[in-house]
Structures are given as C-alpha cells and as structure tokens.
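In what follows, a single structure is set out as structure tokens and then discussed.
As the structure is a prediction and not an experimental result, all values here were calculated from the model. Note that these values count all heavy atoms, side chains included, but never hydrogens, waters or copies made by symmetry.
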Amino acid sequence: MFLGESGCLLRRLVLRSEDGLVQGRVDGVMGVRMLAESLMALAAAGGSAVVQAATTDAWAGFRVRLARWFGRGNERREQVQLERLDRTLAELTAGGGAERELLAREWRTRFEELLEDLDDSEREVAAAELGDLLEERAGASGVSARAGGVAAGRDISVKAEGGSIAAASLQGGAYIGHPPVPDPSQG
C-alpha cells in the first residue's frame with residue numbers, strides 16, 4: 001500500500017492476464033480509481049466500433065491499427081490483441097445479436113483498463129490517438145454509394161487530359177467533339 005497524490009491510501013495490484021503479460025492497476029481502499037467520464041465514453045465508443053467493424057470490409061485495416069494502439073509499441077502485446085480481435089470476429093460470425101452486446105462490453109473494458117493503466121501524459125496521447133482512430137473508422141463506414149455511384153470518405157480528383165472524358169461516374173452516353181447546334185425553336 002502507498003499514499004496517493006490525493007492523500008488516499010492506495011494499494012497496487014499486479015495481475016497476470018491470460019496471455020502472461022503483467023498488468024498493473026491502482027485501487028483505492030474504497031474502490032477502483034475511475035476514469036474521467038469522457039474517457040469512459042471514448043472506451044464505450046471503442047467497444048462498439050470493434051463490434052461494428054468486425055464484419056465489414058474495413059475490418060482488416062481497422063484491426064491492425066487497433067492492435068497497434070493497444071500494443072503501445074510492444075510487438076508481443078500487439079500480437080495478443082490481433083489474436084483477440086480475430087477471436088472476436090469468429091464469435092460474431094458464429095453467434096447472434098446477444099454476442100454483439102457482450103463483446104462490445106468486453107472491448108469497452110479492455111479500452112478502459114488500458115487507459116487506466118497509463119500515466120496522465122500517456123493517457124492523453126492514447127485518448128487522442130483512439131479518438132482519431134474511431135473518427136477515421138466512423139468516416140470510413142459513413143460513406144456509401146448506390147450501384148454505379150462513387151463513394152469517397154475524403155477528397156476525390158477526376159481529371160481529363162488531351163481531349164478525353166473524365167468522370168467519377170458516367171450515367172448515360174458521352175460525346176467528344178463540338179456540341180450539336182440547338183434547334184432555333186429551342187431559343
């Protein structure tokens with residue numbers, strides 16, 4: 001036990017996770033140190049994003065970036081998270097709607113635990129990185145187009161050179177050359 005900054009008597013618990021990595025947590029005598037409400041909301045959004053992204057085309061890239069975020073520069077932790085993310089996908093594929101909620105809560109807890117275990121400056125950086133990752137994920141999933149259309153999450157550039165035609169999506173025909181002269185009755 002030791003005395004925390006606020007004068008509260010604290011004890012340090014050392015837990016060994018299923019993957020053998022040592023994880024520390026500081027608990028107050030009266031209970032667990034709580035994350036700020038905004039960080040708890042960020043963790044909840046992270047848990048939901050994992051479950052929502054798992055069965056989409058964006059999953060492969062998202063899971064790699066997420067594992068890197070959890071790994072915090074440690075390749076072994078990153079690999080463990082990749083395996084957890086793969087198990088999550090397998091459970092979602094095999095399970096139903098009830099699994100989604102349970103898995104979202106499990107991932108929310110993982111986000112909370114990682115954020116709790118960081119010191120204040122690391123937590124601030126990690127929270128900003130997670131926010132960017134989730135914002136990028138939301139932007140990627142919020143873009144859609146119907147058949148024949150084009151969807152872009154950011155900028156798109158379409159350029160024609162040398163008398164050619166350029167179009168992101170062409171509906172109908174196209175004509176290269178001088179436009180036809182309108183009928184005098186059309187004005």
Side-chain angles (χ1 to χ4, degrees), residues 35-73 78-79 81-112 114-115 123-187:
L35 283 176
E37 193 174 314
S38 61
L39 293 178
M40 290 176 66
L42 185 62
S48 295
V50 169
V51 171
Q52 290 170 3
T55 55
T56 68
D57 292 339
W59 177 244
F62 183 67
R63 75 179 263 286
V64 168
R65 289 188 304 278
L66 199 55
R68 192 173 302 132
W69 182 85
F70 271 103
R72 314 295 312 149
E78 187 174 324
Q79 186 59 42
Q81 294 305 322
L82 283 170
E83 291 167 8
R84 283 182 175 156
L85 288 161
D86 290 342
R87 284 193 306 267
T88 296
L89 175 60
E91 290 177 34
L92 285 168
T93 303
E99 285 292 314
R100 297 180 75 77
E101 190 173 318
L102 174 65
L103 289 166
R105 281 196 311 262
E106 288 177 7
W107 279 101
R108 179 195 67 216
T109 300
R110 287 186 180 113
F111 285 108
E112 288 174 351
L114 186 137
L115 291 167
R123 185 178 305 115
E124 188 174 315
V125 169
E129 291 171 351
L130 180 57
D132 290 346
L133 182 60
L134 296 178
E135 186 175 305
E136 180 182 317
R137 161 72 188 121
S141 66
V143 177
S144 66
R146 293 184 180 201
V150 175
R154 296 213 18 133
D155 301 336
I156 187 168
S157 176
V158 179
K159 187 163 122 180
E161 294 179 354
S164 62
I165 295 175
S169 176
L170 186 59
Q171 308 295 321
Y175 178 80
I176 297 178
H178 296 293
V181 178
D183 185 286
S185 65
Q186 294 177 337

Inter-residue atom distance R84.CZ - R110.CZ, 0.5 Å rounding
5.0 Å

Please give me the minimum heavy-atom distance between L115 and A127, naming the atom from each residue.
CD2-N, 4.2 Å

Would you please name every residue forming a side chain to side chain contact (heavy atoms under 4.5 Å, CB included) with R72, sequence neighbours left out?
W69, R77, L114, V125, A126, E129

By side chain to side chain contact (heavy atoms under 4.5 Å, CB included), which residues pair with A44, not counting sequence neighbours?
R108

A54 versus L89, closest heavy-atom pair with distance
O-CD1, 3.0 Å

What is the minimum heavy-atom distance between A53 and T56, and which atoms define it?
O-OG1, 2.7 Å

Which heavy atom in V51 sits nearest to a heavy atom in A104, and how many Å separate them?
CG2-N, 3.4 Å

Can you tell me how far the CG atom of L39 sits from the CZ atom of F111, to the nearest 0.5 Å?
12.5 Å

Rounded to the nearest 0.5 Å, the CG atom of D132 sits from the CZ atom of R65 at a distance of 11.5 Å

Sequence neighbours left out, what passes ring-ring contact (aromatic ring centres under 6.0 Å, His included) with W59? Give chain and number order.
none

Close side-chain approach of R68 to V64, heavy-atom, < 4.5 Å:
yes

Starting at CG of L42, measure out to CG of L130 and round the result to the nearest 0.5 Å.
4.0 Å

Using side-chain hydrogen bond (donor to acceptor under 3.5 Å, both in side chains) as the criterion, list what pairs up with R63, not counting sequence neighbours.
D86

Hey, could you give me the CG/CG distance between L103 and L92, rounded to the nearest 0.5 Å?
5.0 Å

Electrostatic pair E91-R87, nearest N-O below 4.0 angstrom:
no

Just to verify, what does E124 make a side chain to side chain contact (heavy atoms under 4.5 Å, CB included) with, not counting sequence neighbours?
none

Those residues at least two apart in sequence (or on a different chain) that pass side chain to side chain contact (heavy atoms under 4.5 Å, CB included) with S48 are Q52

Heavy atoms of A58 and R137 approach each other most closely as CB-NH1, 4.2 Å

Note: A43 and E112 closest approach over all heavy atoms is CB-CG, 3.5 Å

d(T88 OG1, R100 CZ) to nearest 0.5 Å is 11.5 Å

